[in-house]
Amino acid sequence: MDTQHDQYSNTTGINERQSSDQVTYGLIASSHVQVLCCCGSACYNSDSLKIIDNFIRVIASYGLGSRVDVVATGCFGFCAKGPIVRIMPDNTTYVQVHPEDVEDIVKTHIIDGHLLERLQYVDFMAQQLVDDAKHWSSFPKQLSMDAMLHDYIYEIGGKRFLSVMSYKIDADKCKGCGACKRGCSSKAIVGDLRHPHVVNPYKCTCCGHCTTKCKFDAIHGPVGALIERNYVEDLLVDVADPEKIVVAQTAPAVRYALGEEFGMPPGTIVTGKMITALRKVGVDYVFDTDFGADITIIEEAAEIVDRLRKFIAGDKTVRIPITTSCCPAWVNFFENDYPDLREYPSTCKSPAQMLGAVLKTYWAQRMGIPRDKLVVVSVMPCLSKKYECARDEFYTDGNPDVDYSVTTIELAELIKRMNINFYTLRDGLFDSPLGDCSGAGAIFGTTGGVMEAVLRTVYEEFTEQELPHLEFEQVRGLDGIREAVIDLNGFELKVCVVNTLANARIVMDKLRSGELEYHVIEVMACPGGCIGGTGQPYHHGDIDVIKARQRAIYSEDVGKRLRKSHENPVIQRLYREFLGTPLHGMAHDLLHTKYRDKSIL
């Protein structure tokens, strides 16, 4: 499969084609086009991946990369006529398509605007060609198909469907410099030097690192997708709506970098000013995502201890090592490249999604706020959080747990736009009770922080003894892969901390081959963890900036009255009144998720 996907790199010949600026007729002249290729089992086994490869290559060669999306879909429900290709927005559907037909479809249909009769479906009852798929007898069946494998939302006949969500490169702007390709840890970007590059949608993790490398503004999310969209305008509309209650939650890493956008030294802690600024923007309540991190630690620690005890007891079905799951780019990465290992990661949602779920249930009920009137906005250091908000499993009856996400940079731009003098703002406080958090929740924002935070609880749950020393210096640092052995009262817990997906690939390859002996692995996609996220002020590779942010995180931890998540009285009350027992009942239903096998894409 990888061999087929890697064929994207053959994008030569663009200079011999008609450029997209010259294409002013046909379907492409009036619409943004989507080529939907079926990747159900039958079509997949009949070269649908090669068809997709050819579409991406041919479209790039015509310079139409910014105007045509190629996406993979679930089964169209007419397997006998596969491979099936559907052209949107006119819904023309071609059957029994072969890889060599791609050139003809692009030139004849997309560019010239003519139907390709030889590939159309023939209705034998009516003895006529059928171009629009909604007239197929199988179409209602396809509408009910489960689309669990896919992400990117589009509509046909008023029904929502899902396909691959990934970044795209505008072929008209791309200079082929290769900077994005070199910066892509998931190896999703391919292309020849001085020729437009393309993103392989089956490998893109939506981490956004490519956007920080491109100097030509050539990289963006697919048309209609929810990633990389700036939701500042949505926020302004929502805060102006008297019918809506707007709640912001802020990730730990944001407060250590936001000040840099206003000329402050890296690592300046601006928590209070950030809270006040959000209130001046018009947000009704401001909560701390660190509280969501405390919930995550309770659930993840329980999950680790449960698996460890089963493993020690000789249970051969338990999956060890257990990996963290709070980084959405990492989740996308293992779903894409290591779906056979998807039973190893923790099933815990990220802190932002956990807090969003609690806000729209427990808190909303206590406040008497209808779910559809409550808007939850996350302020995150990460572009991938925009993708995470769009995942279908984080919706309840069509309403998301977190409505949308804005980045650190976007928040800074909004503050400047509203002429708020950030320097002179008085320090505000998070709203209670969901703003009261421990030092363990605070250190989530750096590589090694999740591991250290969860170890503080795992130690006491596993050994049933008080932790003698709170700091786990063994897991701190900035090295790409760090290993440590933690003494749990005689049991040697072997842990590994990983940052960047390139290093994650090294570790996962060893896990797949059976070479690893770890019990717990933490993975973060960004260098340094969330403090080095793609939504943060760009550090230009200056490691001292990352170190300054990291020092600020640990200093906040030391200054906290509570430094263990399980000792947070508000967390304890939440479990008593609402969540119940970790890993069970309401806690399981609200705070845990499942993962998808995207390998067939």
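When a residue number appears, it is its place in the shown sequence, counting from 1.
- Here the side chain of T361 pairs a donor or acceptor atom with the backbone of A357 at under 3.5 angstrom.
- With W330 contributing its side chain and N499 its backbone, the two residues share no donor-acceptor pair below 3.5 Å.
- The backbone N or O of F394 sits nowhere less than 3.5 Å from a side-chain atom of Q353 that would complete a donor-acceptor pair.
- Residues satisfying the salt bridge (Lys or Arg N to Asp or Glu O under 4.0 Å) criterion with D479, sequence neighbours excluded, are absent altogether.
- R563 contributes atom CZ, which lies 8.0 Å from atom CD1 of I443 (distance to the nearest 0.5 angstrom).
- Looking at heavy atoms from C-beta onward, Y404 lies in side-chain contact with V377 at the 4.5 angstrom threshold.
- Salt-bridge annotation for D290 and R255: present, with a side-chain N of the basic residue lying under 4.0 Å from a carboxylate O of the acidic one.
- For Y459 and E466, the side-chain atoms include no donor-acceptor pair closer than 3.5 Å.
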Pair I521-V495, side-chain contact (heavy atoms from CB on, under 4.5 Å): steps then yes or no:
CA-CA 6 Å; I521 302 174; V495 302; over 6 Å; no

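- Under the 3.5 Å distance criterion, the side-chain polar atoms of S378 are left unmatched by any main-chain donor or acceptor of M380.
- Between A257 and Q536, the shortest heavy-atom contact is CB-NE2, 3.4 Å.
- Here salt bridge (Lys or Arg N to Asp or Glu O under 4.0 Å) pairs that include residues 445-461, with residues two or more places apart or in two chains, are E452-R456, E452-R476, R456-D557, E460-K564.
- With sequence neighbours left out, the salt bridge (Lys or Arg N to Asp or Glu O under 4.0 Å) criterion links D403 to K360.
- I269 has its side chain within reach of S555: a pair of non-hydrogen atoms, C-beta onward, lies under 4.5 Å apart.
- With sequence neighbours left out, the side-chain hydrogen bond (donor to acceptor under 3.5 Å, both in side chains) criterion links E473 to no other residue.
- Not counting sequence neighbours, the partners of D401 by the salt bridge (Lys or Arg N to Asp or Glu O under 4.0 Å) test are K349, R371.
- Taking R551 as the reference, nothing meets the salt bridge (Lys or Arg N to Asp or Glu O under 4.0 Å) condition, with sequence neighbours excluded.
- For Y595, the ring pair (Phe, Tyr, Trp, His ring centres under 6.0 Å) partners at least two apart in sequence or on another chain are F334.
- Taking a cutoff of 4.0 Å between a charged side-chain nitrogen and a carboxylate oxygen, R505 and D509 do not qualify as a salt bridge.
- Within 6.0 Å of atom CD in Q572, more than 12 heavy atoms from other residues, nucleotides or ligands are found, so the atom counts as buried in its surroundings.
- The number of heavy-atom neighbours closer than 6.0 Å to NZ of K310, taken from other residues, nucleotides and ligands shown, is 12 or below.
- Looking at S346, its side chain does come within 3.5 Å of a backbone N or O of C348 through a donor-acceptor pair.
- N489 CG to F462 CZ: the interatomic distance, rounded to the nearest 0.5 Å, is 9.0 Å.
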Can you list the steps and then say if T250 with L278 is a side-chain contact (heavy atoms from CB on, under 4.5 Å)?
CA-CA 10 Å; T250 64; L278 284 166; 3.6 Å; yes

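- The aromatic rings of W363 and F287 stand perpendicular to each other, their planes meeting at an angle above 60°, with 30° marking the opposite boundary.
- Residues D487 and E492 are not in side-chain contact: their nearest non-hydrogen atoms beyond the backbone lie 4.5 Å or more apart.
- Side chain of D436 to main chain of F291: no donor-acceptor pair is present (N/O by atom type, distance under 3.5 Å, no hydrogens or angles).
- Proximity of Y344 to I320: side-chain heavy atoms (C-beta onward) are nowhere separated by under 4.5 Å.
- Put simply, the side chain of S405 does not reach to within 4.5 Å of the side chain of Y231, judged on heavy atoms.
- Going from atom CD of E471 over to atom CD of Q474 covers 10.5 Å, rounded to the nearest 0.5 Å.
- Here the closest non-hydrogen pair linking D392 and R596 is N-NH2, 3.7 Å.
- Listed by first and then second residue, the salt bridge (Lys or Arg N to Asp or Glu O under 4.0 Å) pairs involving residues 528-548 amount to none (not counting sequence neighbours).
- For the residue pair Q249 / T289, a side-chain donor-acceptor distance below 3.5 Å is found, with atom types taken as modelled.
- Residue pairs meeting the side-chain hydrogen bond (donor to acceptor under 3.5 Å, both in side chains) criterion with at least one partner in residues 517-532, sequence neighbours excluded, are E483-Y518, K494-E517.
- Counting heavy atoms from C-beta outward, E388 and V331 have side chains that stay 4.5 Å or more apart.
- Within the 3.5 Å criterion, the main-chain N or O of P537 finds no donor-acceptor partner in the side chain of E260.
- Here CD1 of I481 is found 4.5 Å from CD1 of I506. Values are rounded to the nearest 0.5 Å.
- Neither side chain, Y338 nor R342, offers a donor N or O lying under 3.5 Å from an acceptor on the other.
- T324 places a side-chain N or O within 3.5 Å of a backbone atom of V523 that can act as its donor or acceptor partner.
- Looking at residues two or more places apart in sequence or on another chain, you find a side-chain hydrogen bond (donor to acceptor under 3.5 Å, both in side chains) between Y575 and E299.
- Residues P328 and K385 have side chains in contact (heavy-atom distance under 4.5 Å, counting atoms from C-beta outward).
- Between the side chains of S565 and D294, a donor-acceptor pair is found at a separation under 3.5 Å.
- Aromatic rings from H588 and H584 are positioned such that their centres are separated by 6.0 Å or more.
- The side-chain hydrogen bond (donor to acceptor under 3.5 Å, both in side chains) check on T457 picks up H566, with sequence neighbours excluded.
- For F430, the ring pair (Phe, Tyr, Trp, His ring centres under 6.0 Å) criterion is met by no residue, not counting sequence neighbours.
- To the nearest 0.5 angstrom, Y362 atom OH is 8.5 Å from L579 atom CG.
- Residues C180 and I169 have side chains in contact (heavy-atom distance under 4.5 Å, counting atoms from C-beta outward).
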Evaluate Y256 against Q550 for side chain to side chain donor-acceptor pair (under 3.5 Å), listing each step before the verdict.
CA-CA 8 Å; Y256 311 115; Q550 189 179 64; over 6 Å; no

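- Atom-to-atom distance recorded for H209:NE2 and I219:CD1 is 12.5 Å, nearest 0.5 angstrom.
- The 12-atom threshold is not exceeded at CZ of F311, counting heavy atoms of other residues, nucleotides or ligands nearer than 6.0 Å.
- Between I304 and I322, the closest heavy-atom pair is CG1-CG2, 3.7 Å.
- More than 12 heavy atoms of other residues, nucleotides or ligands sit less than 6.0 Å from atom CD of Q465.
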Dump the intermediate steps for side-chain contact (heavy atoms from CB on, under 4.5 Å) on I531 and T447, then the final yes or no.
CA-CA 8 Å; I531 51 175; T447 174; over 6 Å; no

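- At distances below 3.5 Å, at least one donor-acceptor pair connects side-chain atoms of T534 with backbone N or O atoms of C207.
- Across every non-hydrogen atom of L574 and V358, the tightest pair is CD1-CG1, 4.2 Å.
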